[in-house]
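Notes for the one structure printed next.
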There are 2 protein chains.
Amino acid sequence: MRDTADPELACPISPVVDIVFSRWTTPILWVLHQFGRQRFVELERRITAITPKVLTQRLRQLERDGLITRTYHAEVPPRVEYEISELGLSLAPLFANLADWATASLDKVEQARAAYDAQKRPARSL
Amino acid sequence: MRDTADPELACPISPVVDIVFSRWTTPILWVLHQFGRQRFVELERRITAITPKVLTQRLRQLERDGLITRTYHAEVPPRVEYEISELGLSLAPLFANLADWATASLDKVEQARAAYDAQKRPARSL
DNA sequence: CAGGATCCTACACGATACTG
DNA sequence: CAGTATCGTGTAGGATCCTG
């Protein structure tokens, strides 16, 4: 987790960013929203390249922040299910706006990068 | 900068998050939006606790991504001014939504945290 | 299955110089 | 003023092994 100390002094939305947009949280919330309630392994399989340790950490964080719920079934083998909470669901329109912005502007960012790189490094390979 | 490799496989908004919500970017964009075009030192003074090195890095990144513009005046002493670009400005409604969510839900997050901590650690000091 | 415990490493960031 | 360069470090995250 980021140290949450100072950036917020200059910016009222920094606290939200720390909660909602720290690493791996958007993929987790996204697949939870897309595929509904599911188990640890399913999340692990859908979010490629995340390690179980980190997945656990992020799930704990999201649970603590009230964005998801964790349900433990004391069976053999044990079964744990994760689901978006009401609070987590309230982020949906925000995510939709973000997706819209992505659609509209991501290629502009790419163009800006290309232009910048072309200007700043006229003839270098790497 | 985050390594931008894998999370996006599971989540279409991950690329946007890397661009817009990486560390210090929201404070920078925020004060640029609030106070308009300004110089390096002004940014440094308003965003408390950021070091010049990191501020430079983030400004370069934002410039490369086309979210801000950098204007260099070859004077003595030199003067450099930063300003939000049109593309950066297009994030304004998004940020407003985020601020709204913060107002509505930040205390719920706090409550969730308190409840979680109370339940998980019934009697520990640290 | 769902993780906890350990060990290790990379890199983001801080601190401190120094320049055009 | 507006940065770069260099060095040192904390910690998030990866890899591996182990358990209820």
Side-chain angles (χ1 to χ4, degrees), chain A residues 1-7 9-10 14 17-19 21-28 31-32 37-64 68-83 120-121, chain B residues 1-10 14 17-19 21-28 31-32 37-64 68-83 116 120-121:
Chain A
M1 198 183 313
R2 296 170 179 177
D3 99 47
T4 188
D6 310 289
L9 289 177
S14 279
V17 172
D18 284 340
I19 293 166
F21 299 108
S22 53
R23 212 171 181 216
W24 293 110
T25 55
T26 53
I28 292 173
V31 314
L32 241 27
R37 162 187 294 237
Q38 58 200 291
R39 316 174 57 166
F40 190 87
V41 256
E42 302 181 271
L43 289 167
E44 206 175 351
R45 270 194 284 267
R46 285 192 171 113
I47 305 170
T48 323
I50 195 171
T51 62
K53 174 188 162 187
V54 174
L55 179 55
T56 304
Q57 288 176 343
R58 293 284 89 96
L59 287 171
R60 287 289 172 285
Q61 176 192 334
L62 290 169
E63 184 196 359
R64 189 172 104 99
I68 66 175
T69 61
R70 176 180 183 270
T71 314
Y72 179 79
H73 303 269
E75 309 166 355
V76 180
R79 185 162 53 94
V80 176
E81 290 182 319
Y82 293 93
E83 190 176 14
K120 297 290 175 176
R121 304 181 309 168
Chain B
M1 197 184 314
R2 296 170 179 180
D3 97 46
T4 188
D6 310 290
E8 61 198 72
L9 290 176
S14 278
V17 172
D18 284 340
I19 294 167
F21 300 106
S22 54
R23 211 167 180 215
W24 292 110
T25 55
T26 53
I28 293 174
V31 313
L32 241 28
R37 163 187 293 235
Q38 58 200 292
R39 314 173 60 165
F40 190 86
V41 257
E42 302 180 271
L43 289 168
E44 206 175 350
R45 271 194 283 266
R46 286 193 169 113
I47 305 171
T48 324
I50 194 171
T51 62
K53 173 188 162 187
V54 174
L55 180 55
T56 304
Q57 289 175 343
R58 294 283 90 96
L59 287 172
R60 288 289 173 285
Q61 176 193 332
L62 289 169
E63 185 196 359
R64 189 173 102 101
I68 66 175
T69 61
R70 176 180 182 272
T71 315
Y72 179 80
H73 303 269
E75 310 167 356
V76 179
R79 185 163 53 94
V80 176
E81 290 181 318
Y82 294 93
E83 191 176 15
Y116 182 94
K120 298 290 176 177
R121 304 181 307 166

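Chain letters run A, B, ... following the sequence lines, proteins first, then strands; residues in each count from 1.
Comparing atom distances between the A/Val80 side chain and each of D/dG3, C/dG3, C/dG14 picks out C/dG3 as nearest. Candidate nucleotides D/dC1, C/dC1, C/dC13 were compared by shortest atom distance to the side chain of B/Val54, and C/dC13 ranks first. Listed candidates were C/dC13, C/dA2, D/dG14. Nearest to the side chain of A/Phe40 is C/dA2. Taking only side-chain atoms of A/Arg60, from C-beta outward, the nucleotide of C/dG4, D/dA2, D/dG13 with the closest atom is C/dG4. When distances are taken from the side chain of A/Pro77 to each of D/dG14, C/dC1, C/dA2, the shortest belongs to C/dC1.
Among the atoms of the strands shown, base atoms are found under 4.0 Å from some heavy atom of A/Pro78.
One can place NZ of A/Lys53 at 7 Å from C1' of D/dG14, the figure rounded to the nearest angstrom. One can place CD1 of A/Ile28 at 11 Å from P of D/dG13, the figure rounded to the nearest angstrom. Nucleotide C/dA2 holds its C1' atom 13 Å from the CD atom of A/Glu75, rounded to whole Å.
Residue B/Arg39 places at least one side-chain N or O closer than 4.0 Å to OP1 or OP2 of D/dA2. Distances shown here put a side-chain N or O of A/Thr51 below 4.0 Å from the OP1 or OP2 atom of D/dG14. One finds a side-chain N or O of A/Arg70 lying less than 4.0 angstrom from the OP1 or OP2 phosphate oxygen of C/dG3. Within the structure, a side-chain polar atom (N or O) of A/Arg58 is placed less than 4.0 Å from OP1 or OP2 of D/dG13. For C/dG3, one of the phosphate oxygens OP1 or OP2 lies less than 4.0 angstrom from a side-chain nitrogen or oxygen of A/Tyr82. The shortest distance between the side-chain N/O atoms of B/Thr56 and the OP1/OP2 oxygens of D/dG3 is not below 4.0 Å.
The shortest distance between side-chain heavy atoms of B/Arg70 and B/Glu81 does not fall below 4.5 Å.
Side chain to side chain, B/Gln61 and B/Arg58 meet the donor-acceptor criterion of an N or O pair below 3.5 Å. A donor-acceptor pair shorter than 3.5 Å cannot be found between the side chains of B/Glu63 and B/Thr69.
In this pair, B/Phe40 and B/Tyr82 present their aromatic rings tilted. The plane angle is within the 30 to 60° band.
The two atoms that bring B/Pro78 and B/Arg39 nearest to each other are O-NH2, 3.5 Å, heavy atoms only.
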